[in-house]
Trainee: 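Once you've had a glance at the structure underneath, I'll fire off some questions.
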Amino acid sequence: RIFGMSQELEAAISQLVAANEILKSGLERQQQTERIRRQFIADVSHDFKTPLTLMVSYAEALSEGRPGQEKEYCDVIISEGNRLSGMVGRLLELSRLENGADPVEWSIFCLSEIVDEAVGHHRLLTEKKSLTVIRESEEPFIIHADFQKIMRVVINLFENAVKYSPEGGKITIRAIRQENLCRLEVENTGQQIAEEDLPRIFDSFYRADKSRGDGRSYGIGLATVKAIMETHGRHYGAENRENSVCFWVELENADVGEEDDEP
C-alpha cells in the first residue's frame, strides 16, 4: 500500500511539474506579446508624428488667402490633423510610462489646485452638456506625488466622466482621507459598466461598450491613468454605484504637520 501511495504521489508531482511548465510557458508568451505590443505602439506613434506635423503645417500654409470653401476644407484638415497629433502624443506618453522611461518626479502640492485645473479646462464641455459639477472634500489635501502626472490622471478621469455623462447629468469629484492616503473619486451619473468589463477597463484600447460616447475613444486615457498609478505604486479602480460609475485613485498625503529636525 505504501508503494502504491508513493507512486500516486510521484504521479501527482509529475502532473504538477508539467502544469507549472505549461503555465510558465504561457506567461512567457504573454509577456513577449505585451513587449511586442508596447514596442509596436511606440514605433507607430513615433513614425506618425512627423508626417502629421508636416500635413498640418502645409494645410495652414494653403489656407492663407484662400476663398471661403477652400479655406474651410483646409481648416478641417488642420483640426483633424491636430486631433490625431494629440492622440499620437498621448500614445507616446503611454509608451514612455509603460516602458519605465518617464520616472516619477516627486513633489508636494495641493490636490485642489489640480482639480481646479481639470474642471476649468473642461468648463465649455460641461456647460455644453448642462452638467452639474460637485466638489466634495473633507479637507485641503497636500499630496506627495508627481505633479504633472497626477494632473494627467485627474484630467483623464474628468474627461472620461464628461464624455459618458448624459445631458444634464452630474459629476462629483470627492476627496476622502484614508489614514495616510487620500482617495480621489470622480463619479458620473449615467450608464453603468458591465461587471465583467470592470477588471479590464484600464487596459489600453479596451472599450467595454461601443455604444457609449462618440466613437473617438481609443482607450488611451484610462490606460495612462493605470500606468501613472503603477509608477507611483498606488491603487486605482472603477466601480458601479446606483445610477452612476465611479473611478478612483489613491494618493499619498504629504507629511507637512511635523517639524523637520533638519534646518
Side-chain angles (χ1 to χ4, degrees), residues 104 106-195 197-199 201-202 208-209 212-213 217 220-258:
V104 174
W106 297 97
S107 63
I108 295 175
F109 54 89
C110 184
L111 182 60
S112 63
E113 179 181 351
I114 284 179
V115 174
D116 288 342
E117 181 74 17
V119 174
H121 185 70
H122 297 85
R123 190 175 305 281
L124 289 178
L125 288 176
T126 56
E127 291 176 354
K128 184 178 180 180
K129 295 184 72 173
S130 300
L131 300 177
T132 301
V133 180
I134 299 173
R135 295 176 55 176
E136 300 176 358
S137 181
E138 296 179 349
E139 57 184 280
F141 286 97
I142 307 300
I143 303 300
H144 181 222
D146 186 313
F147 179 85
Q148 294 298 334
K149 289 183 176 61
I150 300 304
M151 173 78 78
R152 173 54 58 193
V153 166
V154 178
I155 287 176
N156 285 2
L157 292 181
F158 193 74
E159 281 181 354
N160 186 73
V162 171
K163 181 171 185 177
Y164 293 128
S165 293
E167 293 281 342
K170 181 176 69 174
I171 298 174
T172 303
I173 304 175
R174 190 179 295 112
I176 306 167
R177 174 174 286 276
Q178 295 181 336
E179 297 183 354
N180 65 323
L181 298 175
C182 169
R183 177 180 167 113
L184 179 68
E185 298 181 349
V186 181
E187 180 179 353
N188 67 276
T189 56
Q191 183 178 346
Q192 294 186 335
I193 300 170
E195 290 296 327
D197 291 322
L198 283 173
I201 201 69
F202 287 91
D209 186 350
R212 288 162 59 103
S217 174
I220 302 171
L222 293 181
T224 301
V225 171
K226 172 185 177 181
I228 290 175
M229 297 314 299
E230 288 181 351
T231 61
H232 281 75
R234 294 297 170 194
H235 294 117
Y236 57 93
E239 59 190 48
N240 288 317
R241 296 184 177 175
E242 187 176 359
N243 302 317
S244 65
V245 178
C246 177
F247 288 84
W248 58 269
V249 296
E250 290 181 350
L251 303 169
E252 180 186 358
N253 292 324
D255 187 7
V256 295
E258 298 180 4

Trainee: With rounding to the nearest 0.5 angstrom, report the NZ to OG1 distance, Lys128 to Thr126.
Mentor: 12.0 Å
Trainee: Could you check if a side-chain atom of Ile142 sits within less than 4.5 angstrom of a side-chain atom of Phe109, using non-hydrogen atoms only?
Mentor: no
Trainee: Counting C-beta onward and ignoring hydrogens, is there a side-chain heavy-atom pair between Met229 and Phe202 closer than 4.5 Å?
Mentor: no
Trainee: I want to check something: taking the side chain as every heavy atom from C-beta on, are Thr189 and Pro166 in contact at a cut-off of under 4.5 Å?
Mentor: yes
Trainee: Closest approach of Ala161 and Ser165, non-hydrogen atoms and distance?
Mentor: O-OG, 2.5 Å
Trainee: Is it true that Asn180 and Glu252 share a donor-acceptor pair across their side chains at a distance under 3.5 Å?
Mentor: no
Trainee: Between Val186 and Cys246, is any pair of side-chain heavy atoms under 4.5 Å apart?
Mentor: no
Trainee: Could you check if a side-chain atom of Trp248 sits within less than 4.5 angstrom of a side-chain atom of Leu184, using non-hydrogen atoms only?
Mentor: no
Trainee: Does Arg241 come within less than 4.0 Å of Glu185, counting only side-chain N to carboxylate O?
Mentor: yes
Trainee: Kindly indicate, with the supporting measurements, whether the criterion side chain to side chain contact (heavy atoms under 4.5 Å, CB included) is fulfilled by Arg177 and Asn253.
Mentor: CA-CA 9 Å; Arg177 174 174 286 276; Asn253 292 324; 3.3 Å; yes
Trainee: What's the separation between atom CD1 in Ile220 and atom CG in Asn156, rounded to the nearest 0.5 Å?
Mentor: 9.5 Å
Trainee: If you compare all heavy atoms of Ile201 against all heavy atoms of Ala238, which two are closest, and at what distance to 0.1 Å?
Mentor: CG2-CB, 4.2 Å
Trainee: Which residue in the set Ile150, Ile155, Val153 passes side-chain contact (heavy atoms from CB on, under 4.5 Å) when paired with Ile114?
Mentor: Ile150
Trainee: Under 4.5 Å between any side-chain heavy atoms of Ile108 and Ile143, yes or no?
Mentor: no
Trainee: Just so I know, are the side chains of Tyr236 and Ile228 near enough to count as touching, which here means a heavy-atom distance under 4.5 Å?
Mentor: no
Trainee: Going through the checks in order, is the side chain to side chain contact (heavy atoms under 4.5 Å, CB included) test met by Ile134 and Ile173?
Mentor: CA-CA 6 Å; Ile134 299 173; Ile173 304 175; over 6 Å; no
Trainee: Between Arg135 and Asp116, is the closest basic N to carboxylate O distance under 4.0 Å?
Mentor: yes
Trainee: Hey, are Arg183 and Glu239 close enough for a salt bridge, meaning a charged N less than 4.0 Å from a carboxylate O?
Mentor: yes
Trainee: Begin with the C-alpha distance, continue with both residues' side-chain angles, and end with the deciding distance and a verdict on side chain to side chain contact (heavy atoms under 4.5 Å, CB included) for Tyr164 and Gln191.
Mentor: CA-CA 8 Å; Tyr164 293 128; Gln191 183 178 346; over 6 Å; no
Trainee: Evaluate the criterion side chain to side chain contact (heavy atoms under 4.5 Å, CB included) for residue pair Arg234 and Val249; output intermediate values, then yes/no.
Mentor: CA-CA 7 Å; Arg234 294 297 170 194; Val249 296; over 6 Å; no
Trainee: Check the side chains of Ser244 and Glu187 for a donor-acceptor pair under 3.5 angstrom, ignoring hydrogens and angles.
Mentor: yes
Trainee: So, using ring-ring contact (aromatic ring centres under 6.0 Å, His included) as the criterion, who are the partners of Phe141 when residues are at least two apart?
Mentor: none
Trainee: Calculate, to the nearest 0.5 Å, the distance between atoms CZ and OG belonging to Arg174 and Ser137 respectively.
Mentor: 11.0 Å
Trainee: Please identify which of these residues, Glu117, Lys163, Glu159, meets the side-chain hydrogen bond (donor to acceptor under 3.5 Å, both in side chains) condition with His122.
Mentor: Glu159
Trainee: As an exercise, state the distance from OG1 of Thr132 to CD1 of Ile171, rounded to the nearest 0.5 Å.
Mentor: 9.0 Å
Trainee: State the CD-NE2 distance between Glu250 and His232, to the nearest 0.5 angstrom.
Mentor: 13.5 Å
Trainee: Would you say the side-chain atoms of His235 pair up with the backbone N or O of Glu230, donor to acceptor, closer than 3.5 Å?
Mentor: no
Trainee: Taking atom NZ as the centre, does Lys170 end up with more than 12 heavy-atom neighbours from other residues, nucleotides or ligands that are less than 6.0 angstrom away?
Mentor: no
Trainee: Does any non-hydrogen side-chain atom of Leu181 lie less than 4.5 Å from one of Leu251?
Mentor: no
